[in-house]
Amino acid sequence: MATKHLFFFAILFFSAASVFAEENPSLKMDYYKDTCPQAEEIIKEQVKLLYKRHKNTAFSWLRNIFHDCFVESCDASLLLDSTRRMLSEKETDRSFGMRNFRYIETIKEAVERECPGVVSCADILVLSGRDGIVALGGPHIPLKTGRRDGRKSRADILEQHLPDHNESMSVVLERFANIGINTAGVVALLGSHSVGRTHCVKLVHRLYPEVDPQLNPEHVPHMLKKCPDPIPDPKAVQYVRNDRGTPMVLDNNYYRNILDNKGLMLVDHQLAMDKRTKPYVKKMAKSQNYFFKEFARAITILSENNPLTGTKGEIRKQCNLANKLH
């Protein structure tokens, strides 16, 4: 009799475990192979088309991963519009300069035509970032899928998670460590500053009222020319290219620049000077392969930060709106 009871409980346990596994699946490679086998190819083609028309989209794809996945969960909360009750993350000061969100919707529409209601905006955000990295000359990074979309913005807790470009290196390292990214990964991810541009709003404190003596004097005239006003208009297109040598290429030139005191933001300068990060900066300046290896590892960790899976969240019909608002 006891044996029958044990057998019954064993069956019950494994049945419950099976149901739990189905309701709470983890991310995996090629998650949509049965439900939408063309999903990743459609996203890749859309990224290529959009990049061909608008080169700066690739910077946006890459930045999206950082700003969305860093704040508690990789769930596309960044993409939600503000409502009467909720401020959007993308409208906060910390999201200043972010743009091209409408093109995520373009990709979503293309995927929806093939497989309605199947592919999440969170996966589109991550995969477009992956393909944007390739468009910029960076490595192809195999990333898992299976994320679901959050229903609310996290604007109210954004400051608790995202490190700021003016914060100490200790704070920056701590924020990254909180999601499992070590010092080498921090140095590699900040290599994203190899591409794109920095608005003068984020630079003028190093130029006015006096020029930061830490800046390379040969680089200062260019910065002053690009940022001639101590209080720049945030709506004006006033910026400095992060890397004047290869501004559209994700490469290790960034590390050579910051070792030469040409880093634009304070965090760039600290990265090259702090004893905890400088050894990795030097190593990445010498080896692009090492930079790419650590960059790919850090992007993978970031993209898998606390995703919603299984029955959590939803698959949004539009990336800028939670389904209940339709």
Exercise. Does a side chain donor of either Asn289 or Ser287 reach within less than 3.5 Å of an acceptor in the other side chain?
Worked result: no

For this session: Look at the side chain of Asn242 and the backbone N and O of Ser194, then say whether any donor-acceptor pair between them is shorter than 3.5 Å.
Result: no

Exercise. About how many Å separate CG of Asn320 and OG of Ser82, when rounded to the nearest 0.5 Å?
Worked result: 11.0 Å

Table please: side-chain donor-acceptor pairs of residues 39-53 below 3.5 Å, with sequence neighbours left out.
unit_1	atom_1	unit_2	atom_2	d
Glu40	OE1	Arg130	NH1	3.2
Glu40	OE1	Arg130	NH2	3.2

Problem set entry | Interatomic spacing from CG in Leu302 to CZ in Phe295 - rounded to 0.5 Å | 9.5 Å

For this session: Mind checking side chain to side chain donor-acceptor pair (under 3.5 Å) for Asn56 and listing every partner two or more places apart, or none if nothing turns up?
Result: Asn100

Problem set entry | ILVMFWY cluster, Val126 and Ile301 together (side-chain gap under 4.5 Å) | yes

Problem set entry | Tyr103 vs Ile107 side-chain heavy atoms within contact, under 4.5 Å | no

Exercise. Counting distance only, does the side-chain N/O of Asp81 pair as donor-acceptor with the main-chain N or O of Leu321 below 3.5 Å?
Worked result: no

Problem set entry | Asp233 atom CG: more than 12 heavy-atom contacts under 6.0 Å | yes

Problem set entry | Those residues that, when tested against Phe66, pass ring pair (Phe, Tyr, Trp, His ring centres under 6.0 Å) (two or more places apart) | Phe70

Exercise. How many angstroms lie between CZ in Arg154 and CG in Leu162, if you round to the nearest 0.5 Å?
Worked result: 12.0 Å

Exercise. Step by step, would you call Asn257 with His219 a side chain to side chain donor-acceptor pair (under 3.5 Å)?
Worked result: CA-CA 10 Å; Asn257 284 338; His219 200 50; over 6 Å; no

Problem set entry | Check: Met265 and Leu190 side chains under 4.5 Å, non-hydrogen atoms | no

Problem set entry | Any Glu314 side-chain heavy atom under 4.5 Å of Arg151 side chain | yes

For this session: Could you grab the distance from atom CG of Leu125 to atom SG of Cys74, nearest 0.5 Å is fine?
Result: 6.5 Å

For this session: Determine, stepwise, if the pair Leu259 / Val281 fulfils side-chain contact (heavy atoms from CB on, under 4.5 Å).
Result: CA-CA 8 Å; Leu259 286 171; Val281 171; 3.7 Å; yes

For this session: Establish whether Val195 and Phe292 are linked, either directly or via other cluster members, by ILVMFWY side-chain heavy-atom contacts under 4.5 Å.
Result: yes

Exercise. Between Val267 and His193, is any pair of side-chain heavy atoms under 4.5 Å apart?
Worked result: yes

For this session: Inspect the surroundings of NZ in Lys286 and state if more than 12 heavy atoms from other residues, nucleotides or ligands are less than 6.0 Å away.
Result: no

Exercise. Can you name the nearest heavy-atom pair linking Glu167 to Asp164, along with the distance?
Worked result: OE1-N, 2.6 Å

Exercise. Looking only at heavy atoms, which two atoms of Ile65 and Gly129 are closest? And how far apart?
Worked result: CD1-CA, 3.7 Å

Problem set entry | Shortest non-hydrogen contact from Arg206 toward Leu264 | NH1-O, 3.1 Å

Problem set entry | Main-chain N/O of Leu27 paired to Glu304 side chain as donor or acceptor, under 3.5 Å | no

Problem set entry | Under the side chain to side chain donor-acceptor pair (under 3.5 Å) test, residues paired with Asn305 that sit two or more places apart | none

Problem set entry | Which atom of Ile258 lies closest to which atom of Gly263, heavy atoms considered | CG2-CA, 3.8 Å

Exercise. Are any of the side-chain heavy atoms of Asn252 and Arg256 separated by less than 4.5 Å?
Worked result: yes

Hey, can you pull the donor-acceptor pairs under 3.5 Å for the side chains in residues 220-227, sequence neighbours left out?
none

Problem set entry | Closest approach of Pro279 to Asp274 (non-hydrogen atoms, all atoms of both residues) | CD-O, 4.5 Å

Exercise. Ser88 side chain to Leu80 main-chain N or O, any donor-acceptor pair under 3.5 Å?
Worked result: yes

Exercise. Do Pro247 and Arg197 come within less than 4.5 Å of each other through their side chains, counting heavy atoms only?
Worked result: no

Exercise. Hey, does Glu72 have a side-chain heavy atom less than 4.5 Å from the side chain of Gln160?
Worked result: no

Exercise. Looking only at atom types and distance, does a side-chain atom of Tyr254 sit under 3.5 Å from a main-chain N or O of Asp268, one as donor and one as acceptor?
Worked result: no

Exercise. Among the clusters formed by ILVMFWY side chains lying less than 4.5 Å apart, do Phe101 and Phe59 turn up in the same one?
Worked result: yes

For this session: Test side-chain contact (heavy atoms from CB on, under 4.5 Å) on Arg99 and Ser60 and set out the steps.
Result: CA-CA 7 Å; Arg99 56 198 183 281; Ser60 300; 4.2 Å; yes

Exercise. Minimum heavy-atom separation for Arg297 to Asn182, with atom names?
Worked result: NH2-OD1, 2.9 Å

For this session: Tell me yes or no: between the side chains of Asp212 and His269, is some donor less than 3.5 Å from an acceptor?
Result: no

For this session: Using the side chain to side chain donor-acceptor pair (under 3.5 Å) rule, take Ser95 and Glu89 through it: C-alpha gap first, then chi angles, then the decisive distance, then the call.
Result: CA-CA 7 Å; Ser95 297; Glu89 291 173 40; over 6 Å; no

For this session: For the pair Glu105 and Lys108, find out whether any cationic side-chain nitrogen is under 4.0 Å from an anionic carboxylate oxygen.
Result: no

Exercise. Could you go step by step and tell me if Val118 and Tyr32 meet the side-chain contact (heavy atoms from CB on, under 4.5 Å) rule?
Worked result: CA-CA 8 Å; Val118 174; Tyr32 298 106; 3.9 Å; yes

Anything under 3.5 Å between a donor and an acceptor, one on a side chain of residues 132-150, the other on a protein residue two or more places apart or in another chain? List them.
unit_1	atom_1	unit_2	atom_2	d
Thr145	OG1	Tyr31	N	3.3
Arg147	NE	Ser303	O	3.1
Arg147	NH1	Asp123	OD1	2.6
Arg147	NH1	Lys144	O	2.8
Arg147	NH2	Lys144	O	3.1
Arg147	NH2	Ser303	O	3.0
Arg148	NE	Gly310	O	3.0
Arg148	NE	Lys312	O	2.6
Arg148	NH2	Gly313	O	3.2
Asp149	OD1	Cys121	N	3.0
Asp149	OD1	Ala122	N	2.7
Asp149	OD2	Cys121	N	3.1
Asp149	OD2	Arg316	N	3.0

For this session: Would you confirm whether Asp243, through its side chain, and Gly245, through its main-chain N or O, come within 3.5 Å as a donor-acceptor pair?
Result: yes

Exercise. After noting the C-alpha distance and the side-chain angles of Leu308 and Ser73, does the key distance pass the side-chain contact (heavy atoms from CB on, under 4.5 Å) rule?
Worked result: CA-CA 7 Å; Leu308 301 179; Ser73 175; 4.2 Å; yes

For this session: Hey, could you give me the CG/OH distance between Leu271 and Tyr255, rounded to the nearest 0.5 Å?
Result: 7.0 Å

Problem set entry | Polar side-chain atom of Gln270 near backbone of Met169 as donor-acceptor pair, under 3.5 Å | yes

Exercise. Hey, does the side chain of Asn216 reach the backbone of Asp260 with a donor-acceptor pair shorter than 3.5 angstrom?
Worked result: yes

Problem set entry | Approximate separation, where rounding is to 0.5 Å, of Ser77 OG and His67 NE2 | 12.0 Å

Problem set entry | Donor-acceptor contact present, side-chain Lys90 to main-chain Leu79, <3.5 Å | yes

Exercise. Is the closest side-chain heavy-atom distance between Asn64 and Trp61 below 4.5 Å?
Worked result: yes

For this session: Say whether, by atom type as modelled, one donor and one acceptor occur between the side chain of Thr300 and the main chain of Ala296 under 3.5 angstrom.
Result: yes

